[in-house]
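Just so it is clear, the model here is predicted, and its values are computed rather than measured. We name chains A, B, ... by the order of the sequence lines, and we start the count at 1 in each one. Below, all heavy atoms of this structure are taken into account, side chains as well, without hydrogens, waters or symmetry copies.
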Amino acid sequence: MPRWMLAVLALICALPAHAQQAQVAADIGRRVAELYAAPALSAFSGATRRLDEAMRTLCDAPAPPALEEARAAFAGSVRAWGPVSILRFGPLVEENRFEHIFFWPDVRGVTLRQVQGVLGKKDESAAMPEGLAEKSVALQGLPAMEFVLFGSGAESLAEGDGAFRCRYGAAIAANLAERAAVVERAWRPGAPFHAALTRPAADNALYRTPGEVAGEVVKALSTALQFVRDTELLPALGDSAQEAQGRRAPLWRSNLTFALAGAQVEGVAGLLRAADFAGSLDAARRPLVDSVLFDLDHASQALRAVEAPAEAAFAKEGERARIAYAAVALDGARHSIGEQLSAAIGLTMGFNALDGD
Amino acid sequence: MRSTAIDRRTFLALAGGAALAPQGAWASEEALFLGARLNGGRFEAAVIDERGRDRLVLPLEARGHSFAVDAPRRRAVAFARSPGRFAIAFDVEGRDAPQAIAAAPGRHFYGHGVFTGDGRLMLATENDFEAGRGVIGVYDATDGFRRLAEFASQGVGPHEAVLLDDGRTLCVANGGILTHPDYGRAKLNLATMAPSLAYIDIASGAVVEQAALAPELHQLSIRHMAVDAAGDVWFGCQYEGAASERPPLVGRHRRGRPAELFAGPRDVLHAMQNYVGSVALDASGTVLATSSPRGGLIAFWDTQSGRHLGHRLLPDGCGIAPAARGRVLATSGRGAILSAGWNSQGVLAEPGKAGPAWDNHLRRL
């Protein structure tokens, strides 16, 4: 075969990078990494380090103030997790790190069952960070930590007869801090993921164009909004106040449900701003981003305004209205992002490319 | 429970308008294809001919997915997309009113099913969502699709199922992904998922054989299947692990042996973006086609050697069904219909905003 024919064949067989040019900032990956991920991950690894220290202090010298310190450090870790949880691609997905940090939704109550099993049997292998790391994801992470600090029997932590419970909690905290540090490092300049995200190129195994980076960001935004609404709010809300079940919401024991959801929604807004989609749109389409941000800001305000404890809030009429409003706003924002915004920046989200079909 | 009522007049009106088989004899010999789609804001199940023309259009209350096909009796069942709870049995020539089939309490459809060769039973993949286990619902296709029984799919998240040539062994792709309708489409067990192929004797519900992938590939969800001329089961996968990993997505299982995976060329594998949406064989059963809507391509494989033969580009292309030798009929989410082979293609419908968005699967009657 003549060489020119080979060349023509090669051309015919060449695959599209992504058929059309997306209209996004060329440095979208750098913006996401520097303006959003770096501060969020630094805050999360700092918060989990403080939790790790607080747990060790509590175990060394059990006392009510030390338990309060540990609980406060836990709340700080949950708030810092909110914005990090939005980054559900790359390092947070590898090795199931998301599930290790936040096993949710827990439809069948696996966390409660397994954590109570460990506490009941005083399973020493779960009280060592290395041993715990080998175990079920439901035994690790924030929901398991919450049960240790707030679940039935947690008061024993302040009194010294909760030594095993404390060591198990300390192992969870140590692993949380370690995972947070690993994810933070993986997003730093010089790490392979950071390079792939910030320098899309034809030979880049993850992202070939800034448009593909934008596609990843849009998907993450949409996934996060769906996660908050479908797995954190709606199952507990039910169709009526009678059917509400606050205990189906995440972190109701520590009453951090709405702090978490609010922080996640603020994270979505923060990531949207960092990616600067508006900067690449013409004046006529720029209001699209503003309207999404409007929805997100109002949703997070509504969630922050819930005053009743999470366990009861889902069944109280005034609070239900706030939660339902937030759910509607999140759904609206998700549709605007997935449809109008995607189209405006030149991404075509396929009809058939959705997960799980 | 959601309403599954279909407005019979609507259906008959559509059927009367669309199901215009010109001559009886010719009509019974021609190839017909079934696909779900979104058309002008409405969800539909459509019967098209081999030139891509509508022959029958059936409105659906929500998004459809795939079909169980009873070719000898010219009928089919359209399933709701997971986690939908409706299915519609209908005559492809619109001779009878369609019949709604509601999911049993505590079950939802996954979107796939088969008829037995004698047309007596229809089997559907379903989720027993409170127990978190897959089941196969067994329906009496001679008695109003009454649900007779169910048996375990031997795994979580059964997706496509195919009946083998012996007429009694059902091969089920247990995708391994746990979902619960109260939580939308959220995947609940990515860290522990364990997909498998299960061969089940439909007479007894007993498992005859099971095949799993290597432990390190436990996040490779086996979802779609087709049986080749040699009787081997080919499957297409979707990877739930990190995007930085690119495991092979196409596999073959020969009874009594371990499953084999075929990666194909690196650039094609990369372009598929860890997602195969549909698999189909050609008319000869020796050429396999796999569609990747994310990558916008249909890849062709030699079923004897597992060698990648070539590919066709079709943006958001997913529906594929056997056409002539070496060819499939393919549909896209952008309205395109192609007759595609690994070395040539013919366009039957151009993509366009006005055209219907074809859903994941196309079935040949």
Practice task
Under 4.5 Å, counting heavy-atom pairs only, tell me which of A:Pro192, A:Gly90, A:Pro105, A:Ser136 racks up the most with chain B.
Solution key: A:Pro105

Problem - Which portion of B:His112 sits near chain A, non-hydrogen atoms under 4.5 angstrom - result: neither

Exercise for the section: Applying side-chain contact (heavy atoms from CB on, under 4.5 Å) between B:Leu188 and each of A:Val107, A:Val110, A:Thr231, report the one that passes. Expected result: A:Val107

Problem - Contacting region of A:Glu94 [heavy-atom separation from chain B under 4.5 Å] - result: both

Completion exercise
Among A:Glu232, A:Glu99, A:Arg108, the residue with the most heavy-atom pairs under 4.5 Å to chain B is A:Arg108

Exercise for the section: Starting at OH of B:Tyr183, measure out to CZ of A:Arg229 and round the result to the nearest 0.5 Å. Expected result: 14.5 Å

Handout entry: For B:Pro247, all residues meeting side-chain contact (heavy atoms from CB on, under 4.5 Å), sequence neighbours excluded
Key = B:Leu217, B:Leu220, B:Tyr239, B:Glu245, B:Asn274

Exercise for the section: Using non-hydrogen atoms and a 4.5 Å limit, figure out which bit of B:Ser221 sits close to chain A: side chain, backbone, both or neither. Expected result: neither

Practice task
Output the distance between atom CG (A:Asn204) and atom NE2 (B:His270), rounded to the nearest 0.5 Å.
Solution key: 7.5 Å

Exercise for the section: Please state whether the side chain, the backbone, both or neither of B:Glu160 comes within less than 4.5 Å of a heavy atom of chain A. Expected result: neither

Handout entry: Residue part contacting chain B, namely of A:Phe193, when any heavy atom lies under 4.5 Å
Key = neither

Handout entry: Euclidean distance, A:Tyr207 OH relative to B:Ser244 OG, rounded to 0.5 Å
Key = 9.0 Å

Fill in the blank from the handout: Highest number of heavy-atom pairs under 4.5 Å with chain A among B:Ala191, B:Gly277, B:Gly184, B:Cys318 belongs to B:Ala191

Handout entry: From B:Asp182 atom CG to A:Arg248 atom CZ, the distance as rounded to the nearest 0.5 Å
Key = 4.5 Å

Handout entry: Under 4.5 Å from any heavy atom of chain B - which part of A:Asp230
Key = both

